[in-house]
Q: 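First the structure, then my questions, so here it is.
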Amino acid sequence: MKLPSILGAKLLEIPLVVTEQYPQGLGNTVSSIGIYSHGIEPFVKTSFSMVTPEVSKHLKEKLPNVSTILLTGVETHVCVINTAIDLLELGYNVHVIVDCSSSRVLKDRIFAMDRFRQMGAYLNTTESVLLSLVKDKNHPQFKPIQKLIMEPGPDTGLTQMAKL
């Protein structure tokens, strides 16, 4: 199963920048996420932020008109939050896609989400982002996007978070 966020980004021609945290020790990104099948080559990092010198250079040189970042990943309370801090400091609008961001421990994720709000990042879901980008049922990619979001994804623990 490929993730609707990756497939939706490809359908809408949204550039993807992917990092991997120390793959020689932690392993590569799981194939079910779908980056390799789309020819996406991740930047390798050991930093707890994806805003490494290589990624910064890539953003400046290859994506100079990008002002908004849709951010996903693990561990939400470590790498994702440090990336959000760095991106916000660089002046980007940051949207954390909550159903594509996780932590091993729910409490870490809960407090990270609260901190994102305090920092000025936006919390959003894959479905909301994809439909906001399409804007109208007459968009040429609406039907493929609709198919992606109609298939329910795995339980991400967000229902528990909403009760808090």
Side-chain angles (χ1 to χ4, degrees), residues 1-116 119 121-127 129-130 133 145 148-149 151-158 160-161:
M1 176 183 117
K2 304 282 189 298
L3 294 181
S5 55
I6 301 289
L7 295 173
K10 295 308 275 181
L11 283 169
L12 298 173
E13 299 179 3
I14 296 170
L16 296 170
V17 178
V18 177
T19 60
E20 284 183 332
Q21 179 73 25
Y22 187 57
Q24 60 269 38
L26 298 174
N28 293 102
T29 302
V30 294
S31 61
S32 62
I33 290 180
I35 64 168
Y36 302 110
S37 63
H38 289 290
I40 301 164
E41 190 63 38
F43 291 88
V44 174
K45 68 181 185 74
T46 56
S47 166
F48 295 131
S49 169
M50 77 175 287
V51 185
T52 63
E54 297 81 14
V55 170
S56 291
K57 181 179 177 185
H58 179 80
L59 290 171
K60 287 177 189 164
E61 293 179 2
K62 304 283 186 191
L63 305 167
N65 297 322
V66 169
S67 61
T68 298
I69 304 288
L70 306 175
L71 185 59
T72 69
V74 293
E75 297 272 321
T76 302
H77 63 291
V78 180
C79 293
V80 180
I81 204 157
N82 283 297
T83 300
I85 290 167
D86 290 346
L87 291 169
L88 288 165
E89 287 177 355
L90 291 170
Y92 289 98
N93 297 309
V94 177
H95 291 254
V96 179
I97 312 305
V98 297
D99 53 338
C100 296
S101 302
S102 191
S103 296
R104 290 172 294 127
V105 179
L106 183 59
K107 73 173 170 59
D108 289 329
R109 187 176 183 202
I110 290 169
F111 285 100
M113 295 299 172
D114 188 47
R115 192 163 168 216
F116 286 126
M119 295 181 331
Y122 301 98
L123 301 181
N124 223 323
T125 63
T126 300
E127 180 174 340
V129 166
L130 290 175
L133 290 168
I145 293 292
L148 288 177
I149 61 176
E151 185 177 319
D155 180 18
T156 60
L158 291 174
Q160 288 177 313
M161 287 178 64

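We count residues from 1, following the sequence as given. Below, each value reflects all heavy atoms present in this structure, side chains not excepted, and no hydrogens, waters or symmetry copies.
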Q: Within the side chain of Glu20, is there an N or O that forms a donor-acceptor pair under 3.5 Å with the backbone of Asn28?
A: no
Q: Mind checking the CG-OG spacing from Leu90 to Ser67? Nearest 0.5 Å is all I need.
A: 13.0 Å
Q: Taking the side chain as every heavy atom from C-beta outward, state whether Leu16 and Ile35 have any pair of such atoms under 4.5 Å apart.
A: no
Q: Distance only, no hydrogens: is a donor on one side chain within 3.5 Å (strictly under) of an acceptor on the other, for Thr52 and Glu54?
A: yes
Q: Test your reading of the model: is there a side-chain donor-acceptor pair from Ser5 to the backbone of Thr126, 3.5 Å cut-off?
A: no
Q: Any side-chain heavy atom of Cys79 within less than 4.5 Å of one from Lys45?
A: yes
Q: Just verifying a value: how many Å separate Leu7 CG and Leu148 CG, rounded to the nearest 0.5 Å?
A: 5.5 Å
Q: For Tyr36 and Ile40, work out which heavy atoms get closest and say how close.
A: CD2-O, 4.2 Å
Q: Donor-acceptor check, side chain of Thr83 to backbone of Ser49, threshold 3.5 angstrom: yes or no?
A: no
Q: Answer yes or no: are there more than 12 heavy-atom neighbours, outside Tyr122 itself, under 6.0 Å from its atom OH?
A: no
Q: Heavy atoms only: give me the nearest Gly8-Ile145 pair and the separation to one decimal.
A: CA-CD1, 3.8 Å
Q: Could you give the distance from CD (Glu75) to CG (Asn82), rounded to the nearest 0.5 Å?
A: 12.0 Å
Q: If every non-hydrogen atom of Ile6 is compared with every non-hydrogen atom of Ile33, which pair is closest and at what distance?
A: CG1-O, 3.4 Å
Q: Could you check Leu12 against Leu130 for side-chain contact (heavy atoms from CB on, under 4.5 Å), going step by step and ending with a plain yes or no?
A: CA-CA 9 Å; Leu12 298 173; Leu130 290 175; 4.1 Å; yes
Q: Can you tell me how far CG of Asp86 sits from CE of Met50, rounded to the nearest 0.5 angstrom?
A: 10.5 Å
Q: To the nearest 0.5 Å, what is the distance between CG on Leu87 and CG on Leu71?
A: 6.5 Å
Q: For the pair Ile85 and Arg115, evaluate side-chain contact (heavy atoms from CB on, under 4.5 Å) and give the outcome as yes or no after the intermediate values.
A: CA-CA 10 Å; Ile85 290 167; Arg115 192 163 168 216; 3.5 Å; yes
Q: May I have the step-by-step check of side-chain contact (heavy atoms from CB on, under 4.5 Å) for Met119 and Ile81, ending in yes or no?
A: CA-CA 10 Å; Met119 295 181 331; Ile81 204 157; 4.2 Å; yes
Q: If you count heavy atoms of other groups shown closer than 6.0 angstrom to CD of Glu13, is the number above 12?
A: no
Q: Under the 3.5 angstrom rule, does the side chain of Thr125 hit a backbone N or O of Asp99 as a donor-acceptor pair?
A: no
Q: Would a distance-only check, ignoring hydrogens and angles, find a side-chain to backbone donor-acceptor pair under 3.5 Å from Gln21 to Phe48?
A: no
Q: Working to the nearest 0.5 Å, report the span between CD1 of Ile69 and CG of Leu59.
A: 5.5 Å
Q: State whether the side chain of Arg104 and the backbone N or O of Val74 hold a donor-acceptor pair below 3.5 Å, judged by distance alone.
A: no
Q: Return the minimal non-hydrogen interatomic distance between Thr72 and Cys100, and the atom names on each side.
A: CB-O, 3.2 Å
Q: Run Leu63 and Val17 through side-chain contact (heavy atoms from CB on, under 4.5 Å) and show every step you take.
A: CA-CA 10 Å; Leu63 305 167; Val17 178; 3.9 Å; yes
Q: Could you pull out the closest heavy-atom pair between Val44 and Pro23, with the gap in Å?
A: CG1-CD, 3.5 Å
Q: How close do Phe116 and Thr76 get, counting heavy atoms only, and between which atoms?
A: CE1-CG2, 3.5 Å
